[in-house]
Amino acid sequence: MAAAPEFHLPLAAADLLRDGGPGRYVVQEVLAARDLPPALAAFRAASRARGALAVLEHFDCVYSVLHHFQTAGTAVKEDALELMMHVVSHHSNELPAILSDSGLSHADRAAHLNALKMNCYLLTGLMDAFEMETCKNSCLEADPGRKNRKNHAKTSGSLWEEEREPLLRLLTQLLQLDLRQLWGGLVVEEEFVSLMTGSCYRILENPSIGLQRYRLTREAVTHLLAAALVHCDRMFSATLKITQMLQHFEHVAPVFAQAVSLWAKEYGLKSLVGELLREIGQKCPQDLAREASGVKGYATFISELAEQIPTLVLSNMSVLLPHLDGESYTMRNAILAAMAEVLVQVLNGDQLEEAARGTRDKFLDMLQAHVCDVHSFVRSRVLQLFTRIVQCKALPLTHFQAVVSLAVGRLKDKSVLVVKNAVQLLAAFLSNNPFSSKLSWTDLDEPLKKEVQKLKEMRDRSRPTAVAPVIAPEEEWEAMLPEVRAATQQLFQPLQEGEEEVLEVEETVEKTVEQITGLLKKLNYKSAARLTQKALCRFQGKEPFMGPAEGNEEATILGVLKRLYTGSCPGENSEDPPHDNSSDKTEVVQEEQPQTELVKQEMLVHYLQDAYNFSVKITEALNLISKMMYENSVSVVQEAIEFFVTVSQFGVPQALLGVRRMLPLIWSKEPGIKEAVLNAYRQLYLNPSKESERAKAQALVHSLPLIMVDASLGTIQCLEEIISEFVQKDEIKPAVTQLLWERFTEKSPCSSLERHAAVMLLGMMARGKPEIIGTNLDILVTMGLSEKACVDYRLPQEVCNVISKLASNPKPALEKNSAPFRLPQNHMLFGCLSETVSKGFAQPSSHWIPFMEAAVTLIYQLAEGAEEICADILHVCSQQALEKLQEADEQKADAGDSPRRDSDGSGSLSTFLLLHLVALVGQVALQQVAYLEVSVSAELRRRRLLKEEKTKKQSDISTKKQRPQSTGNETTMEEELGLVGATADDTEAELIRSICETELLDGKHLLSAFVPLVLKICNNPGLHSDSALSAAAALTLGKLCMISSEFCESHLRLLFTMMEKSPLPDVRSNLIIAAGDLAIRFPNLVEPWTSHLYARLQDPCPSVRQTAGLVMAHLILKDMVKVKGQVSEMATLLIDPEEAIVAVAQNFFGELANKGNAVYNLLPDIISHLSDPNSGTEEESFHTIMRHLFSYITKDKQTESLVEKLCQRFRTARTERQYRDLSHCLALLPVSERGLHKLQDNYDCFADKLQDPAVYNCFQTVLARFRRAGVKPETKALAEELEQKLSASHNRGLDSTETCQDGSQTPMPAPAKRKPIGSSRRRPLSPANSDNDFATPPSRILRNHKRAQKRPPRKKAIITFSSDEENNSEDELLTELREEETPTKTTPITRSSARRRR
């Protein structure tokens, strides 16, 4: 054993096969794979006899296993691992006794050292081999096509997965021994420690080490490395290795963060934290910006380390700060996250020292600065960090307002992620605000003003004492002390004789005190000091002349003088000392008390001011966030909805606007948004913090009607959809329904508005469950249509709407052939409705017409023989009107005043009666048409289908009985039946159409009697001054036109003339709506008048423009009107001063963008019209419109095509304004590489226009955006080349401005104009467009002039507009157009309705 060679740990396994020199161990023979099992058995037997030293003779055996590891059997490898683990474990148990043996010989020590190194080398070699095989197999497991290898991996790696953790614990136990004895008391060999730690690092390289099932393995690795650090002083090498692994293996960052935290806490290795952070901090920021993989590892390590040991990270934070200015946003995020953790866990609370408070403020300032970071991920991350800080209540009040302001500012950020996190931060501020649970700035304003006034008064009261500031006696004494000291020092010098005689001490202490004080006040310090010296001798031991028995006489005299001057001597006024003491104390208390109250008041005002400012900021945020509810990002919309739920819970009054604004999102196609709205209303209204069901129901019934206050019809419909969803899911309890019925029947006391809201809510719930209304129909009729309820007709109107839910709920599909739900003609409901309508006809109520419309609609929906009931109502009401007319005429005849105004006496009739009559006629006419087209048509079809089904059943039965007949007859019968079904629809539609065309308005029908009255009111607008009557007559005319195409055609001229010329906005709005309905019912008749519909988009009245925008949007989206050449009128609504009109236009183009390439196809037309100098569109307005429209161009091919077309359009542009407009449009496009090639190819089109700085800047913007997107080197060269050409053309244009200007005014030759047309037609995405689409059209006046030259005058549509100043003097009573002015264009438009197609 003494002659055994020394084992040196090799750098590579093959080194052991080569002779390393004398005295070194060399592997003698590598055994063949088949010889390994018996060799391992021999090793095992030897280890039982000799223990760990057996390896000295059997090393080659296990080395051969390592050599053949790839080809050796699993059993052999596992047997070798188990054997080596047993040997090392046995050696580890023996070593403590061996190391403590002082008599150990040199040979034995060398043998154990060799055995230790050999055993550890073999064991770690096997560990590394198994680990590499496991890594390889884990990669194979991820490949679904390698099933056999996957199964093999599970079997071969099973033992290793079980034994890995015990092996690591064994090595840890070994390293914890004092192994230096084996090396002669020196340090443990570095290669040996590297051998042990290398296995740990290799295990950590496995990507799966982070899984939860390997938690014990990670802990074992951590403790093994800790043992190496503590016992073998491996700090430097560990720092380098960890840093390298963080750079190359991203998955190890959380593992090392946890390990370093454990080492610092349990092993005291705190300096390692500083070394690691310093090593990372010294990395070059430019290198980190290029190496994304390394940065991620460092960033994760820093942020997770800060979470676990924030105190140590804080002490080393300075080394990381340079990376805040680096280019890597990932590192910035990590360092800022570490700061946030430090703020939350360390620098939190009010008990911080001054230095800690300063550090906290610096960190907060850095975080606030990076809220405006150039990278959106950093801005987003900082907002997340502030959210955590606020939630942990770690944000000081001094920074509260600043961070809130920053969050509100980020709501306008371009990044969706930033906006989302800004909303979350504001929600966190609300939930954790230190002010109040109710944050209404209107509620805080009054208390703030009150307390500010109170503070002002308190300051005014305390001001008189402070006006003349009194210097304290102590301050005066300090000022005069040098002179007093100098005078006192002169006492010990020789004195003059006369002075000794003058100064005599008085008989009493009090008089002496007065004498000395007087001398001091007279600034006679020397005499005062001398008198004090004598008084000390005479009144020794008496106050205030008491001093130390032995001591400095000068100091004693000065002390007495100070006490006398400052008034601190109690013997100064000894006549009533108790009284004086108490008065002094009272004065002090009285002085301190106002100061304390003042401080408290200042704090209160400061608190209220902060609360008020916070509430104002939240209110500002509400307006911004409410606009986000219609963003394209689903996550932003969801955050906005959640924010308003939070705001509502804090009682901010403006929150109700947001809660109402989210209602239309219930129709969203995104299930996530729809569910978010439902959850929001569920939290706000269905889950109040009440105990009993009754209390919850009362809370719901009280809060929901607040949304309906002044709500539009659309808002009510949205709320109805939500409530019906809740009812269908049984989320609204029966207690709510019961309470609503109690309010309606007035069993529960409530106001009229609350009763009205209860009826509306019952109607909304009935949409989900119609039986809610059906079972209580009698109660609704008797209570809702009673005389008491008909005071203002609003409640009866809502009752009619509620009952109509019985008709609007369709039957299930299985019952589609069953008869529709209708009530008999003599039902009490219709009797009550007829009576209420008739009684109210003669009463001047503004709510009667809406009630009448609801009542007539309900009659036609539910009644059998509805036309008879309405005819009776119309007859009764018209009879009342005639009676009133006769009464008026008789009264005038009796008074001797004959009705001269109108021969028929209509002028004597009350205006409101005429208004009621006209409105009733219009509603009956419209509902009659709807009844025929919908209800009667559906009933005819239902009966036909039943008849056909019955016939088919009979034919099937007869076919079975007559089976011998040929199948040809069956086929013929089925074809005949099919033919009957196909032609029957046309027959039924023709029947309905003939009734409308020939019967409803002929002389026999009741409606025809009222047509002359309606036409007279419409034809003579100056005859009746009442605007409501004119509006009702116009609307009735539109409804009558819906009946018959013949009647419509003959009165369209009157309808459009009124639409143009009427000075009443209500009349124009009503006629626009009527024209929109007519465009759908009779499209061929209305099509020639389309331009007049577009003209109303420029109406001076905002309400008319909004109505026109809604109607035109509806018609365009349904393809019922032409858009080419006129859609630019819709685009101009995007710059309307009214926000509601802008919203209409935005919604229209948003819906249009969903229809394929619709916006792309219309853009040429819009650009051509709006860039026309005669269009009147300002340049800034043009930019606003284009910004919105170009946001819908998202496809690369569309962008490329537009780039080419816009470039070629430069050739036909005539003015500098058009050049600028075209270049601005180019700047709005996200130009791709192919788009850049298009710019290069068409460079000649715009080269001569680059002298204009605006045009040049737009092209520079295009290139700058292109470069920011990140480009390939070859494309970058193309961009640089184009930029050089742009710059050259621009500079050349500046040098020869006059030449360029002359050239720009020269028209291009014809061939240059034709060339782009051919090229643009080859574009695959724009078959309908050519370059002529971009040509600037002539002005409207010029076009009309040209058309007048081409066509005969009788075919030209000339409408006199109210805007034509020269025609303003037309007679207002004669508004009908002349016959030759009627448009004659009758281009057919295909109807979208299935009924019309048939």
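- The backbone N or O of G297 lies less than 3.5 Å from no partner atom in the side chain of T300, so there is not a single donor-acceptor pair.
- No side-chain donor-acceptor contact under 3.5 Å links S261 to the backbone of A257.
- Among L53, V62, V87, the single residue meeting the side chain to side chain contact (heavy atoms under 4.5 Å, CB included) criterion with N119 is V87.
- Two residues are said to be in side-chain contact when any heavy atoms from C-beta on lie closer than 4.5 Å; F69 and L126 meet this criterion.
- Between Y63 and Y121, the ring centre distance reaches or exceeds 6.0 Å.
- Qualifying side chain to side chain contact (heavy atoms under 4.5 Å, CB included) partners for P166, counting only residues two or more places apart in sequence or in other chains: M85, E163, R169.
- Atom NZ of K270 is separated from atom CD of E275 by 15.5 Å, given to the nearest 0.5 angstrom.
- Between the side chains of Q384 and R381, at least one donor N or O sits under 3.5 Å from an acceptor N or O.
- The two residues D128 and S199 make their nearest non-hydrogen contact at OD1-OG, 3.3 Å.
- Checked against salt bridge (charged side-chain N to carboxylate O under 4.0 Å, His left out), R44 has the following partners two or more places apart in sequence or in another chain: D79.
- For D373, the side-chain hydrogen bond (donor to acceptor under 3.5 Å, both in side chains) criterion is met by R332, H370, not counting sequence neighbours.
- F256 and Y201 have tilted rings, their planes meeting at an angle from 30° to 60° on a 0 to 90° scale.
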